[in-house]
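Note that ligands are numbered from 1 as they come in the structure, with each ligand's atoms numbered from 1 the same way. Since the structure is predicted, the reported quantities are computational estimates derived from the model, not experimental observations.
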Amino acid sequence: MEESLLTIKGIGPSRVKQLNKLGVTNISSLLTYFPRAYEDRSATFLIGALKDGMVGATTGQVMRVQEKKPRRGLSILEIYITDGTGSLKVVLFNQGYKKNFYKLGQRLHVYGKVEFSYGALQMNTPHIEVLYEGQEPQGGIVPVYPLVEGISQYTIRNAIANWFSSHQEMEDILPAHVVQEHSFMPRYEAFKEMHLPTTVERHSLARKQLAYEELFVMQAGLLLLRSKEQAELGVKMGPNGKLYEQFLSQLPFKLTGDQQRAVLEITTDMENERPMRRLLQGDVGAGKTVVAALSLIKAVENGYQGALMAPTEILAQQHFESLQGLMKGLDINMALLTGSMKASERTIVYEGLADGSIDIVLGTHALIQDKVHFKKLALAIIDEQHRFGVEQRATLQKKGQNPHVLVMTATPIPRTMTLSIYGDLEVSLIKELPPGRKPVLTYAVDSSYKERLHVFFQKEMQAGHQVYVVCPLVEESEKLDLVAAEALYAELYDLYNKEFGVGLVHGRMPAADKEEIMNEFHCGRIKLLVSTTVIEVGVNVPNATIMCVEGAERFGLSQLHQLRGRVGRGEAQSYCVLISDSKNEETKTRLNVMTSTQDGFVIAEQDLLLRGSGQLFGLAQHGLPDLKLANILKDIDLLVLARQDAKEWLAQTGLAAGAKYMKPHLLGRFGPSFERIIYS
Ligand code: ADP
Ligand code: MG
């Protein structure tokens with residue numbers, strides 16, 4: 001399958017170059033370059049039965065061919081065909097050179113969209129097949145491939161058809177008994193059905209089978225990874241002790257029921273000799289930090305080190321501060337490690353981690369650099385897991401001897417997603433919010449509300465509260481976005497800086513400047529913060545009561561939910577104002593979801609429905625390959641089935657043999673980083 005494309009009849013170096021543009025570099029990538037759609041040309045209609053707007057095929061005899069040149073550079077070729085029940089005008093643009101190609105009396109089979117214009121039926125640039133004496137139209141179901149400029153459907157169809165005509169079989173990937181059990185067709189047949197479908201039914205069976213295969217490989221990979229991690233013994237910890245009790249007793253609040261349950265699940269895992277692999281899922285503001293803190297305490301009182309890795313400096317810093325607050329007076333040595341720290345400061349942390357004098361470290365990616373060595377890391381916590389890949393998680397784990405692992409996420413992920421993305425991590429769920437939280441009143445408005453909003457900002461700030469104003473900033477239009485954010489900042493600065501203090505943070509600023517502004521906001525010297533989405537994750541300023549989002553149509557629902565979660569963290573009533581001038585119906589639907597619910601799970605589900613799974617939980621982001629055929633949401637039954645089968649198969653075959661068998665397929669799908677994780 002790694003064979004060169006040149007082995008296909010009719011493919012020379014220039015065709016290869018074209019195919020390369022599609023990412024097709026060898027036979028295997030050609031065969032997995034699946035059509036984006038299919039045209040069913042098998043349904044042939046009489047011309048008299050054609051109707052405006054329908055898409056279909058018909059056959060007729062050429063009655064007249066004429067070329068029109070309404071203006072320079074435009075040629076319209078009109079071919080009239082009839083079958084006795086009516087006549088159809090076939091229109092081709094700028095193909096005057098074909099004028100003599102179509103001859104009177106010749107039979108044509110055409111497929112395309114029918115239009116009724118100026119009292120006559122016509123088809124613009126349909127697919128045309130010339131039928132010679134006694135020839136039947138090829139018709140059938142024809143694949144339509146995603147293309148780029150300069151490459152035709154013909155090129156790819158032809159390459160694929162030629163491969164199939166010179167090959168009669170393909171090696172199976174799935175274990176034989178699985179193929180048998182599900183009555184799958186031979187793999188060769190399935191691929192052929194994808195590219196050269198015979199019937200709708202068989203094609204749909206083929207798609208299902210290949211989607212299953214894709215999921216089977218993926219699940220086998222995740223199961224192998226999991227069992228590799230679990231095969232070795234971890235650190236078995238003792239029951240909760242004095243430090244743990246002391247921490248609980250000085251906590252300024254009582255844990256919610258969900259928090260208590262999560263803590264119990266985690267501490268029970270840690271008392272087991274198998275290393276913990278647990279996902280802590282809790283909506284924004286649900287109180288995951290204190291759960292993490294208790295887990296860290298448990299590691300420390302058992303004589304081990306714990307680490308918490310966060311995706312941004314600001315978040316790491318904030319975790320550091322909140323943990324210091326929560327652990328005040330306890331005999332614990334805590335450190336922060338981030339990339340922006342001075343080299344000399346970092347060296348001190350490296351030493352403390354290596355000699356074991358630091359008990360708990362909070363940090364960013366800086367934690368997984370080569371220089372970092374732990375004396376006895378037994379608990380690795382990863383915050384906002386979706387920002388890290390499988391490989392980064394694995395690297396942190398490798399800093400210890402099979403440490404317990406807790407990953408935390410505020411993005412509510414449906415069960416199907418946790419299965420497919422995280423393998424079978426155990427899941428702890430915090431659904432209940434801490435008591436006293438008032439729902440954030442949410443409004444969707446257009447920019448005509450600006451004046452009124454400014455009055456509102458002023459009123460809240462006069463009452464001592466703080467305001468976020470968030471502007472969209474995306475890479476493609478970064479410069480323009482930045483100008484817009486700066487203009488807005490200048491406007492608000494003029495209005496309010498004297499009285500309240502106004503700041504601006506955006507992704508392009510040096511980390512140190514950003515940090516300074518965030519600190520000013522945190523301690524209240526700045527009351528109004530204009531920002532691009534850098535505050536999206538985790539920032540905790542309970543005194544903030546307004547979250548105002550400019551250009552709200554440009555944010556995903558889950559992003560908006562995260563942003564809204566920045567307010568409503570204190571006693572006071574909070575507000576979220578979504579500003580959008582978009583008239584788009586889908587935008588309105590999305591913003592309606594925000595104004596009608598506060599439930600992160602409902603919002604995530606709506607987001608998935610409205611945007612599809614790929615965008616929200618891009619598998620690549622998680623260090624996994626994107627699936628070509630399977631859809632994690634729609635093919636959930638298939639996923640569960642594939643997972644179950646993969647599990648049984650591994651149990652029968654044994655892990656070592658299973659890993660060996662799957663290796664080429666796993667590396668083909670997951671790439672070299674997976675090899676490092678699983679086969680080293
Ligand atoms: P997240 O789950 O988003 O990380 P945090 O851990 O930052 O949430 O908690 C949000 C806020 O709620 C913090 O100010 C925290 O002190 C507070 N909090 C957490 N648990 C409780 C509780 N059981 N009762 C009252 N307040 C709590
Ligand atoms: Mg958090």
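- Taking only nitrogen or oxygen atoms, main chain and side chain alike, Gly287 reaches within less than 3.5 Å of ligand 1.
- Remark: distances from the non-hydrogen atoms of Arg437 to ligand 1 include one below 4.0 Å.
- Under a 4.0 angstrom heavy-atom cut-off, Pro542 registers as lying outside contact with ligand 1.
- Contact atoms of ligand 1 toward Ala286: 2 (O), 8 (O) (distance under 4.0 Å to a heavy atom of the residue).
- Residue Leu255 touches ligand 1 through its backbone alone, judged by heavy-atom distances below 4.0 Å.
- Ligand-side atoms of ligand 1 in range of Lys254: 22 (C), 23 (N), 24 (N), range being under 4.0 angstrom from any heavy atom.
- Aromatic ring centres of Phe500 and Phe457: separated by at least 6.0 Å.
- Thr545 places none of its side-chain heavy atoms less than 4.5 Å from the side chain of Val567.
- Proximity of Met408 to ligand 1, defined as any heavy-atom pair under 4.0 Å, is not found for any part of the residue.
- A side-chain donor-acceptor contact under 3.5 Å links Arg590 to the backbone of Phe555.
- At a 3.5 angstrom cut-off on N or O pairs, Gly285 counts as close to ligand 1.
- Heavy-atom minimum distance, Leu315 versus Ala310: CB-CB, 3.9 Å.
- With ligand atoms numbered from 1 in the order given, ligand 1 contributes 23 (N) to contacts under 4.0 Å with heavy atoms of Thr256.
- With hydrogens and angles ignored, the 3.5 Å screen pairs no side-chain donor or acceptor of Glu460 with any backbone N or O of Val467.
- Using a cutoff of 4.0 Å between basic side-chain nitrogens and carboxylate oxygens, Glu499 and Lys527 are not scored as salt-bridged.
- Residue contacts with ligand 1, taken as heavy atom pairs separated by less than 4.0 Å, do not involve Glu432 at all.
- Ring geometry for Phe456 against Tyr575 counts as perpendicular: the plane angle is over 60°, on a 0 to 90° scale with 30° as the lower cut.
- Remark: the backbone N or O of Gly570 is not paired with any side-chain donor or acceptor of Asn543 at under 3.5 angstrom.
- If you number the atoms of ligand 1 from 1 as listed, the ones under 4.0 Å from a heavy atom of Thr289 come out as 4 (O), 5 (P), 6 (O), 7 (O).
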